[in-house]
Peer 1: 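Can you keep this structure in mind? I'll have questions shortly.
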2 protein chains.
Amino acid sequence: MRADRRDLPPTTSNSLRLTGTSYAVLTLLHHLGEATPYDLKQALERSIANFWPVPHTTFYAEPERLQQGGYLTVRQEAGGRKRKLYALTPTGEAALREWADSPEVSRSQLRDEGTLKIFAGADPRVIFTQQRQWRAQKLIELEGYLDNLRDSEHAAAIRATLLTGIAYERALIEMIDRFLSEGSSFLQDADASARPLDAKG
Amino acid sequence: MRADRRDLPPTTSNSLRLTGTSYAVLTLLHHLGEATPYDLKQALERSIANFWPVPHTTFYAEPERLQQGGYLTVRQEAGGRKRKLYALTPTGEAALREWADSPEVSRSQLRDEGTLKIFAGADPRVIFTQQRQWRAQKLIELEGYLDNLRDSEHAAAIRATLLTGIAYERALIEMIDRFLSEGSSFLQDADASARPLDAKG
DNA sequence: GCTTGATAGTTCGTCCCGTACTATACAGAT
DNA sequence: ATCTGTATAGTACGGGACGAACTATCAAGC
């Protein structure tokens with residue numbers, strides 16, 4: 001009989017698991033200095049939300065967790081909304097650096113209800129038309145953030161993130177336009193789309 | 001004083017919420033007829049996994065839920081692994097059709113730790129190089145599924161899904177290659193990337 | 001009949017998300 | 001001064017989703 005996980009010693013109190021979302025919070029705090037959950041939410045929307053969506057409620061729960069793990073400090077306003085102001089501790093700073101400096105990343109993943117509907121038999125043109133609109137809209141939004149980006153110590157990283165998002169949206173809009181002009185041949189004839197690209201790496 | 005949600009009548013017993021993952025399961029069963037959780041997992045990997053990832057454990061839990069809601073039937077093998085075989089009920093079939101036929105879809109969303117690291121200051125070249133490899137690999141995988149796709153009632157939808165995945169990966173590989181050959185100008189100079197595209201719709 | 005690797009299924013804890021809700025601030029109307 | 005609407009800010013909570021770790025079955029080759 002093999003050892004059961006319940007035979008293992010209990011995990012020590014402050015070893016909480018750091019997820020991608022944890023690092024998103026740590027990075028935002030690194031950029032902003034001391035900040036409230038609401039500040040974090042705002043900053044995320046203007047930078048990494050396109051590649052790492054975080055619902056606003058998480059910005060209230062997650063810093064709490066991180067603070068309990070010793071990665072953040074808190075202090076609370078006396079009056080008014082009694083907002084909580086979080087900031088990185090040296091531990092938090094170190095954890096962030098260690099993660100950011102290691103080259104391993106988990107695989108990119110996509111969640112796209114439109115393609116799920118195509119899989120279920122929906123008309124691809126309807127889905128793609130909708131998506132083109134959203135992507136064009138998002139593209140404008142990201143370009144706006146880029147134009148309003150102010151110089152700071154971290155502007156280069158934010159800029160790189162925004163440029164990546166812009167390139168991503170453009171690439172997909174191009175792809176959609178190609179499909180929409182090809183019409184239904186996309187669906188009927190697999191060989192109609194030439195394959196000049198394929199894998200090099 | 002406003003009405004509290006606890007004043008509302010309790011939700012009826014079989015109104016369970018159908019999520020995207022629920023519809024993925026329903027669609028797979030529609031394609032496969034009667035199937036085990038393992039069958040579902042396999043079929044997903046060869047079709048929609050690229051746009052709607054589902055961990056294998058979900059294929060054991062989710063059909064159970066759906067069956068309790070009256071969307072599926074179950075029967076269990078007598079001996080051996082006692083596998084459970086699920087199939088759509090008319091209710092399930094109807095729910096699937098209703099969903100697939102309505103044009104509304106939630107927004108596509110991406111979860112990409114690589115870009116999160118770029119946001120945290122990592123070198124984009126390292127990240128993009130890694131991603132190019134994965135995408136090239138995925139492209140080959142998807143092309144393999146397409147080549148081995150057998151004719152069936154539902155082949156057109158599966159084909160459309162695979163072609164969408166292939167076009168998606170190609171578009172992003174092109175984008176990455178463009179970046180990698182441009183070198184660091186991407187990072188230094190926002191105007192270096194011309195903008196012939198932008199929003200039409 | 002044993003070993004090995006592929007196939008198949010389960011348990012569990014926690015993360016994470018969305019919905020709905022509450023509360024505060026402030027500007028303009030009355 | 002108070003009311004009303006809107007933007008800003010924060011909270012509660014239930015349950016879906018996820019992934020690590022594990023167990024079990026089967027088929028093939030020796």
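Only heavy atoms go into these numbers, but all of them, side chains included; no hydrogens, no water, no symmetry mates. Here is the naming used below: chain letters follow the sequence lines, and residue numbers restart at 1 for every chain.
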Peer 1: On DNA chain C, check which nucleotide each of P53(A) and Q42(B) is closest to and give me the residue with the more 5' one.
Peer 2: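 The residue closer to the strand's 5' end, by nearest nucleotide, is Q42(B).
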Peer 1: Taking atom CZ of R75(B) as the centre, does the number of heavy atoms from other residues, nucleotides or ligands within less than 6.0 Å exceed 12?
Peer 2: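 No, not enclosed.
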Peer 1: Taking donor-acceptor contacts at under 3.5 Å, does the side chain of T19(B) reach the base of dG16(D)?
Peer 2: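 No, no donor-acceptor pair under 3.5 Å.
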Peer 1: Nearest of dC15(C), dG18(C), dG19(D) to any side-chain atom of T57(A)?
Peer 2: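 The listed nucleotide nearest to T57(A)'s side chain is dG18(C).
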Peer 1: I need the CG-C1' distance between D39(A) and dA7(D), as an integer number of Å.
Peer 2: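 Computing the D39(A):CG to dA7(D):C1' distance gives 15 Å.
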Peer 1: Could you tell me how far apart K84(A) (NZ) and dG10(D) (P) are, to the nearest whole angstrom?
Peer 2: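 Rounded to whole Å, this separation is 10 Å.
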Peer 1: Is the phosphate of dA17(D) approached by R111(B) (side-chain N or O, under 4.0 Å from OP1 or OP2)?
Peer 2: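 False: R111(B) side-chain N/O out of range (4.0 Å or more) of dA17(D) OP1/OP2.
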Peer 1: Any side-chain N or O of R65(A) under 4.0 Å from OP1/OP2 of dC15(C)?
Peer 2: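 It does, given that an N or O in the side chain of R65(A) lies less than 4.0 Å from OP1 or OP2 of dC15(C).
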Peer 1: Determine the minimum heavy-atom distance between P63(A) and V25(A), stating which atoms define it.
Peer 2: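 Here P63(A) and V25(A) meet closest at CG-CG1, 4.4 Å.
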Peer 1: Please state how far atom CD in E64(A) lies from atom C1' in dG10(D), giving the value in whole angstrom units.
Peer 2: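 Atom CD in E64(A) sits about 13 Å away from atom C1' in dG10(D).
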Peer 1: From the options dG10(D), dA17(D), dC15(C), select the nucleotide whose nearest atom is closest to the side chain of E62(B).
Peer 2: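 The closest nucleotide is dA17(D).
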Peer 1: Can you find a donor-acceptor pair, distance only, under 3.5 Å between H56(A) side chain and dT8(D) base?
Peer 2: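 Such a pair does not exist between side chain and base.
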Peer 1: Looking at every heavy atom in both F128(B) and I176(B), which two are closest together, and how far apart are they?
Peer 2: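 Closest pair (atom of F128(B), atom of I176(B), distance): O-CG2, 3.7 Å.
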Peer 1: Does the ring centre of F51(B) sit less than 6.0 Å away from the ring centre of Y168(B)?
Peer 2: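 Yes, the ring centres sit under 6.0 Å apart.
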Peer 1: Consider the side chain of Y60(A), meaning its heavy atoms from C-beta on, and name the nucleotide among dT11(D), dG18(C), dC18(D) that approaches it most closely.
Peer 2: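 That would be dT11(D).
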Peer 1: To the nearest Å, give me how far apart CD (E45(A)) and P (dT8(D)) are.
Peer 2: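 In whole Å, dT8(D) P and E45(A) CD are 11 Å from each other.
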Peer 1: Could you give the CZ-to-P distance, from R17(B) to dC13(D), as a whole number of Å?
Peer 2: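 To the nearest whole Å, that distance equals 17 Å.
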Peer 1: Indicate whether any N or O donor in one side chain lies under 3.5 Å from an N or O acceptor in the other, for E169(A) and N50(A).
Peer 2: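 Looking only at side-chain atoms, N50(A) and E169(A) do form a donor-acceptor pair, the distance falling under 3.5 Å.
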Peer 1: Nearest-Å distance, CD (Q68(B)) to P (dG16(D))?
Peer 2: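 Going from CD in Q68(B) over to P in dG16(D) covers 11 Å.
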Peer 1: Check the distance between dG19(D)'s P and E113(B)'s CD and give it to me in whole angstrom.
Peer 2: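 Taking atom P of dG19(D) as the reference, CD of E113(B) is at 12 Å.
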Peer 1: Using atom NZ of K41(A) as one end and atom C1' of dC16(C) as the other, report the distance to the nearest whole Å.
Peer 2: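 Those two atoms, NZ and C1', are 18 Å apart.
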Peer 1: So which nucleotide from dA17(D), dG16(D), dC16(C) ends up closest to the side chain of T21(A)?
Peer 2: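 For the T21(A) side chain, the nearest candidate turns out to be dC16(C).
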